[in-house]
2 protein chains.
Amino acid sequence: MRSLTRVSTTRTFKRLPREIREQQVLDAAVRVFSHHGFHTASMDEIAEVAGVSKPMVYAYLGTKEELFIACLRREATRLMEAIADVVDPTLGLSDQLWSGLRAFFAFVGAHRDGWAVLYRQARGQEPFAAELAAMRRRIVDVIADMLDRAVRAEGRQIHGIDLEVSAYALVGAGESLADWLADHPDADPDKTAGRLMNVAWLGAAQLLRGDVWAPGGSEPPVTSRDAA
Amino acid sequence: MRSLTRVSTTRTFKRLPREIREQQVLDAAVRVFSHHGFHTASMDEIAEVAGVSKPMVYAYLGTKEELFIACLRREATRLMEAIADVVDPTLGLSDQLWSGLRAFFAFVGAHRDGWAVLYRQARGQEPFAAELAAMRRRIVDVIADMLDRAVRAEGRQIHGIDLEVSAYALVGAGESLADWLADHPDADPDKTAGRLMNVAWLGAAQLLRGDVWAPGGSEPPVTSRDAA
DNA sequence: CCGTAACTTAACGCGCCAGTAGGTTTCTCC
DNA sequence: GGAGAAACCTACTGGCGCGTTAAGTTACGG
C-alpha cells in the first residue's frame with residue numbers, strides 16, 4: 001500500500017535542539033489557547049501553528065493538559081519576573097506599587113495572548129483554576145505585607161483580614177484593568193497604570209492614615225473635609 | 001424489535017408543568033456548569049441532576065449553548081434586579097454606591113454557583129464572553145455616569161476615558177472581591193461591601209476633589225493636565 | 001558516505017458526548 | 001369515556017478529537 005509521501009519537496013526541515021522547539025510549541029499553544037479556549041483548541045492546530053508535527057508536541061510537552069500547564073507556568077513566571085526585576089524594596093510603598101504596576105501593565109500590553117491564557121482561560125477551567133488561585137494568593141500576600149509594613153511604620157495597625165481583602169481588591173482592580181488593556185490595543189499601559197494608582201492608591205493612603213468610611217450618615221464620606 | 005421499556009416499575013414520575021421543569025433544569029445547569037465548566041459539563045449530568053431525562057432538557061431549553069445562555073441571562077437578570085430594587089437614585093453618590101454594593105455582595109453570597117457561571121465561566125468561553133462584556137459595559141457606564149454627575153456637581157470635570165477607566169477599576173475590584181467571597185463561605189457579605197467602600201470610595205472621593213496621585217520624581221501620570 | 005537520531009506523514013482506535021427517534025404514560029376537556 | 005395533547009422515558013448514533021503507532025525521510029556527526 002503505497003502512501004503518497006511527498007517525494008520531491010524542496011522544503012527542508014531545520015533540526016533544532018529540544019529547548020528551542022519546546023519554546024516554539026509553547027508560543028503556538030499560548031496563541032491557540034488564548035484564541036479558542038482550552039477545550040475548543042485542538043492539538044493538531046497547535047502543532048500546525050508551531051510548524052511541528054503532532055507527535056513532536058506529545059514527545060516534548062506531553063498531553064494537552066500538561067501542555068496547558070506548561071503555558072500557564074511560563075507566562076506566570078515571565079510576569080512575576082518582569083515585576084520583580086523592577087520593584088526596588090528599599091523604596092517607599094507608593095513607589096514600589098507604582099513601579100510594580102507599570103511593569104505589570106507593560107507586560108500585559110506586550111503579551112496579550114499570555115494574559116488571556118492566564119486570566120480568561122485558567123480561571124474557569126477547574127484543574128487550572130486552583131493553581132492560578134495559588135499564584136494570585138502569593139501576590140495578594142505580598143501586597144498585604146507591603147500595606148502592613150506601611151501601616152506599622154505609621155505606628156498603627158490594621159486587622160489581618162482587612163489587609164488581605166484590601167489587597168485582594170487592589171489586585172482585582174489591576175486584573176480588571178489589565179483585561180481592559182488587552183481589549184484596547186491603542187491604550188497606553190503606563191497611562192493605565194497611572195489611572196489605577198489614582199483610584200486605588202489615594203484610597204489606600206486614606207486607609208493608612210486611619211480614615212475609614214462609615215455607612216451611617218448620608219453625607220459624603222470625605223475624610224479630612226470640613227465636616228457637615 | 002422490542003425495546004425493553006420499563007414495564008412494571010412501581011416508580012411513578014411526577015408530571016410537572018413546563019415552567020417549573022425549566023427552572024429545575026436551569027438550577028441543575030447552573031450547578032453543573034459552575035462546578036465543571038461549560039465544555040466539561042455533560043448534558044447527561046445536567047439532566048440527571050435535574051431529575052429529568054435528556055430529551056426533556058433539549059425539548060425545553062434547546063442545545064447546550066442555548067442552555068448556557070439561558071443560565072447566563074437568568075442569573076444576570078436576577079443580579080441586576082437585586083441591585084436595582086435597592087438603589088435609590090435620589091440619594092447621594094456614596095449612598096447609592098453603598099446600597100448597590102451591599103445588594104451585590106449579598107446576591108453573590110447567596111448565589112455562589114450563579115456567580116461562578118457568570119464570572120468564571122462566561123468570561124473565558126468565547127461565544128458568551130462578548131455578551132457578558134456587554135453587560136459589564138452597561139454597569140461601567142452607569143458607574144461612570146454617577147461619577148461624572150458627582151464631579152460636575154462640584155463644578156469640575158474629568159476626561160471621559162479617565163472616568164471610564166476609574167469605573168472599570170471599581171467594577172473590577174468589586175468582581176474580584178465577589179470572587180473572594182464566593183470562595184469564603186464564612187465571610188460576611190456586608191462586611192465585604194464595607195471593605196470595598198473603604199478602599200475604593202475613599203480613593204474616589206479624593207479624585208472627585210481633584211486630588212491626583214503623582215509619582216515620586218517623574219512626570220505626573222494622568223488626569224488634569226492643567227499643569228503640564 | 002554510512003548510521004543514527006531528529007523529524008515527518010498518515011493512519012487508526014477509542015471514549016465521550018451532543019443530539020435524535022420513537023414509544024409510553026398521564027392529564028384535560030368535551 | 002375517549003381523543004388529543006402534553007409530559008416523559010429508553011436507547012441509540014454519529015462525529016469529533018485525543019493520544020498513539022507504524023513506516024518512511026532528511027539532516028548531521030564522524
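Chain identifiers are assigned alphabetically (A, B, ...) following the order of the sequence lines, protein sequences preceding nucleic acid strands; residue numbering begins at 1 within each chain.
Residues D44(B) and M43(A) each lie close to DNA chain D; by heavy-atom proximity, the contact nearer the 5' end of the strand is made by D44(B).
For F68(A) and dC18(D), the CZ to C1' distance is 17 Å, given to the nearest whole Å. Taking atom CD of residue E45(B) and atom P of nucleotide dA18(C), one finds them 10 Å apart after rounding to whole Å. A straight line from CD of E22(A) to P of dC7(C) spans 11 Å, rounded to a whole angstrom. When rounded to the nearest whole Å, the span between CD of E48(A) and C1' of dT9(C) equals 13 Å. Per the geometry, CD1 belonging to I46(B) stands 11 Å off P belonging to dG19(C), to the nearest Å. Here the P atom of nucleotide dT20(C) and the CG atom of L61(B) are 14 Å apart, to the nearest Å. Distance CZ (F38(B)) to P (dC16(C)): 19 Å, rounded to an integer number of Å. Between the NZ atom of K54(B) and the C1' atom of dG19(C) there is a distance of 7 Å, rounded to whole Å.
No donor-acceptor distance shorter than 3.5 angstrom exists from the side chain of R74(A) to the backbone of C71(A), with no hydrogens or angles considered. In this structure, the side chain of R136(A) does not engage the main chain of Y168(A) through any donor-acceptor pair within 3.5 Å. For the pair Q96(B) (side chain) and L91(B) (backbone), a donor-acceptor distance under 3.5 Å is present.
The base of dG19(D) does not come close enough to the side chain of K64(A) for any donor and acceptor atom to sit less than 3.5 Å apart.
Considering only side-chain atoms of S42(A), the nucleotide from dA11(D), dC18(D), dC8(D) that sits closest is dC18(D). Comparing dC18(D), dA18(C), dT8(C) against the side chain of Y58(A) picks out dC18(D) as the nearest.
A59(A) comes within 4.0 angstrom of nothing in the nucleic acid, heavy atoms only. Heavy atoms of A41(A) sit under 4.0 angstrom from primed sugar atoms or phosphate atoms, though from no base atom.
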For nucleotides 2-7 of chain D, just jot down a letter per nucleotide in 5' to 3' order: B, S or -, based on protein non-hydrogen atoms under 4.0 Å.
----BB
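By the neighbour-count criterion of 12 heavy atoms within 6.0 Å, atom CZ of R31(B) is sparsely surrounded, having that number or fewer from other residues, nucleotides or ligands.
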Could you tabulate the donor-acceptor pairs under 3.5 Å formed by side-chain atoms of residues 121-128 of chain A, not counting sequence neighbours?
| unit_1 | atom_1 | unit_2 | atom_2 | d |
| --- | --- | --- | --- | --- |
| Q121(A) | OE1 | F38(A) | N | 3.3 |
| Q121(A) | NE2 | G124(B) | O | 3.4 |
| R123(A) | NH1 | Y119(A) | OH | 3.4 |
| R123(A) | NH1 | E175(A) | OE1 | 3.3 |
| R123(A) | NH1 | Y119(B) | OH | 3.3 |
| R123(A) | NH2 | D179(B) | OD2 | 2.8 |

If you look only at distance, which donor and acceptor atoms sit under 3.5 Å apart when one is on a side chain in residues 48-63 of chain B and the other is two or more places apart or in another chain?
| unit_1 | atom_1 | unit_2 | atom_2 | d |
| --- | --- | --- | --- | --- |
| K54(B) | NZ | D44(B) | OD1 | 3.4 |
| T63(B) | OG1 | E65(B) | N | 3.4 |
| T63(B) | OG1 | E66(B) | N | 3.3 |

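The aromatic ring centres of W115(B) and F105(B) sit 6.0 Å or more apart.
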